[in-house]
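Right, one structure below, let's go through it.
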Amino acid sequence: MQGIVDQVIDRFGIPVAWSQLLYFVGAGLAIILPFIYVLVFAGVYILLERRIGGRMQSRIGPNRVGPQGVIQWVADALKVLTKEDLVPRSADGPLFRIGPLLAVVGVMLGVAVVPFGGPWIGADLDVGLLYLLSVTSLVVCGILMSGWASNSKWALFGGLRSTAQIVSYEIPHATSLLAVVLLTGTMSVQGIIGSQGWLPWDWLAMHSPFALAAFVIYFISSLAEGSRVPFDLPEAESELVAGYNTEYSGWRFLLFFLTELANVWVMSAIAVVGFLGGGNVPTLGLVDGMPWYATATPAVIASLPLASVGFWVLVVFSFASIMFKCWVVAVVISQVRWTMPRFRVDQMMLLCWKYLVPLSFAAILVLMVLMRFLPLADSARLAASFDGRGLVALLVRLATTALCALAVAWYVGRVAFTIRNARDELFVKFAL
Amino acid sequence: MPRRGSPGIVGPRHAVGRYFAGIWTALKNVGEGMAVTMSWLLRRPITVQYPDRYDGQLNRFMRDLEQIDQGQKLPLAYRGFLEVDMDVCTACQACERACPIDCIAITIDKVADERRRVMTRFDIDLGKCMYCGLCVDPCPTAAIQHTPEFEATSQYVENLVARFVPDPRRPCTPYKIPKGQQIPRKPLGSVLRELGVCGPKKDPFAPLPPFSGARRSFGLHAAFSVDRSLCDK
Ligand code: SF4
Ligand code: SF4
């Protein structure tokens with residue numbers, strides 16, 4: 001944001017006294033816009049999730065409020081907001097009240113380092129990923145606090161489960177992001193995007209099969225971090241009434257939902273930034289003096305003058321690119337929700353400590369060695385440089401991409417098989 | 001020495017193999033599961049949007065479903081409203097005795113001078129019925145049956161009493177089971193629609209029919225004098 005304000009000041013020759021004001025306005029926008037976006041994301045995402053879930057369960061889902069139910073989420077939010085904000089008499093009042101606030105603040109602080117394509121980002125910190133991992137730990141404090149302060153055994157169980165789960169899964173979560181930091185040599189979110197290209201085999205996940213493994217580990221452990229199904233033990237409604245939010249009502253109850261949904265946004269955005277090429281777009285000759293294959297990384301876009309057409313075109317495409325990828329990841333997260341049953345507590349711990357932790361350590365160890373041999377650079381430039389190492393790196397990237405493509409092809413084949421072999425009486429018809 | 005594949009002690013190679021085989025199985029099975037949910041995402045939902053896509057006539061509605069969805073409709077064993085085909089009812093009162101909550105009220109009168117029994121009342125209180133089906137089982141002629149009808153919204157709960165002898169002055173003659181053949185039962189649902197209990201023409205806010213108030217309470221035996229000239233046959 002700051003770079004853009006700088007450019008505005010330059011271009012319009014704004015005097016120093018006024019420029020301070022402009023910085024304030026820029027900072028305010030950088031705070032408010034991502035926040036509003038996340039609020040809207042939460043609503044739209046939960047609607048989408050319910051519609052998708054409905055179709056996956058052969059139902060229709062909410063379609064009554066507005067055309068195709070598009071403002072169902074507004075109605076739901078209003079309904080919850082009109083409820084009384086109850087504090088049980090035996091609860092620990094102050095802790096009970098600030099618990100949900102801490103949880104939501106933890107996620108919203110994380111949103112600050114989530115990019116929106118091109119140069120748009122709340123704050124491009126040099127320690128972006130470290131900051132993200134630190135502030136999202138606040139969520140667990142909020143959840144434990146509300147579980148404890150509710151003075152209800154269900155809430156306490158939920159809070160303790162959540163703590164055990166999030167603390168355990170912090171390790172593979174951080175370790176798999178460490179792989180990203182190792183490969184790119186930076187923790188800045190824009191820097192990480194900048195060291196990837198726009199082609200699938202330029203993404204960090206395709207660097208080698210081990211980077212791919214790190215991506216899978218990141219995905220699983222971030223599901224657990226965000227308490228998404230199949231790791232929704234803290235709010236297992238069939239065992240604990242609703243877990244840590246059992247005793248809540250009104251807007252505090254809504255804050256827990258906001259936390260969970262904002263977490264989905266943060267986790268899918270970080271997956272896209274760290275492993276799936278962020279908002280990189282091909283420049284396609286839009287910018288003079290750059291070869292056609294060069295990628296429009298955030299740095300390239302930010303270096304363009306605001307007034308140029310290329311800047312705005314690139315920003316729009318970059319925004320579209322990162323949004324598309326994030327929404328795809330978010331929809332996959334919701335599909336996992338409708339596919340997988342919930343883990344048992346011991347299975348959840350087993351998955352973390354016996355599988356994810358050792359595998360993520362193995363992955364970063366191997367990646368440390370591989371970094372010597374497979375340089376991180378644009379595949380096009382790798383091919384152009386045409387020395388042995390560049391070529392090998394490109395081949396490894398292509399092979400990893402082919403592996404993923406095979407997996408996707410297998411998946412599509414299985415979907416087609418399931419549809420073909422479904423029984424007639426189960427309403428087999430394409431809706432498309 | 002433990003046998004191969006025994007669950008006891010396993011060698012280190014075997015354990016490592018199992019570890020990675022487990023990961024492979026997990027990934028593959030999650031992929032399979034995702035493929036199943038994705039395939040459902042691409043299919044038509046089974047839901048019929050009840051008030052919107054339903055014009056009050058179940059059979060037509062079912063026929064539409066049949067065209068669209070290859071034979072899927074309400075299951076044949078669906079326990080909707082009860083109906084009695086008075087043409088094949090033997091007046092045995094087995095259904096009345098079977099009902100655990102006394103929803104069925106049958107009144108049998110003798111026609112004076114003749115040794116003939118007639119039914120002057122056959123009421124089923126559909127508002128009280130719990131659709132257990134206990135009355136259906138003992139019926140010797142399958143006169144009393146569940147239909148697939150389920151819609152009879154009414155402002156007056158009295159309208160939910162289905163009267164299969166609409167006019168007590170025109171009582172029904174019991175059916176005598178002939179040897180060999182039996183006359184076919186009317187199609188399910190047709191009797192109820194004819195009576196106007198359910199079906200498209202039913203107006204939920206229609207004024208009460210003349211007899212309803214007095215005949216609502218089942219314990220009271222309404223005294224009717226049977227007009228012989230009106231008796232059929
Ligand atoms: S279905 Fe059950 S409750 Fe209803 S009339 Fe028959 S026996 Fe009685
Ligand atoms: S409906 Fe069936 S069981 Fe009931 S009186 Fe008639 S013949 Fe008997």
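Below, read A as the first sequence line, B as the second, and so on, with proteins coming before strands; counting in each chain starts at 1. Values below: all heavy atoms of this structure, side chains included; hydrogens, waters and symmetry mates excluded.
Side-chain atoms of Gln335(A) do not come within 3.5 Å of backbone N or O of Thr37(B) as any donor-acceptor pair. Tyr411(A) places no side-chain N or O within donor-acceptor distance of the main-chain N or O of Glu32(B), the cut-off being under 3.5 Å.
The shortest distance between side-chain heavy atoms of Tyr19(B) and Tyr355(A) falls below 4.5 Å. Annotation: side chain of Thr339(A) is not in contact with side chain of Val30(B) (no heavy-atom distance under 4.5 Å). Residues Ile23(B) and Leu359(A) meet the side-chain proximity criterion, which asks for heavy atoms closer than 4.5 Å.
With a 4.5 angstrom heavy-atom cutoff, Val332(A) touches chain B via backbone and side-chain atoms both. Proximity to chain B (any heavy atom under 4.5 Å) is restricted, for Pro358(A), to the side chain, taken from C-beta onward.
The environment of OH in Tyr45(A) is crowded: more than 12 heavy-atom neighbours from other residues, nucleotides or ligands sit within 6.0 Å.
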Given the rule in the side-chain contact (heavy atoms from CB on, under 4.5 Å) test, do Trp410(A) and Lys28(B) qualify, once you have shown the distances and angles that lead to the verdict?
CA-CA 10 Å; Trp410(A) 173 81; Lys28(B) 195 162 155 253; 4.1 Å; yes
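Rounded to the nearest 0.5 angstrom, Arg55(A) CZ and Met38(B) CE are separated by 12.0 Å.
The shortest non-hydrogen separation linking Ser39(B) to Ile419(A) is CB-CG1, 3.5 Å.
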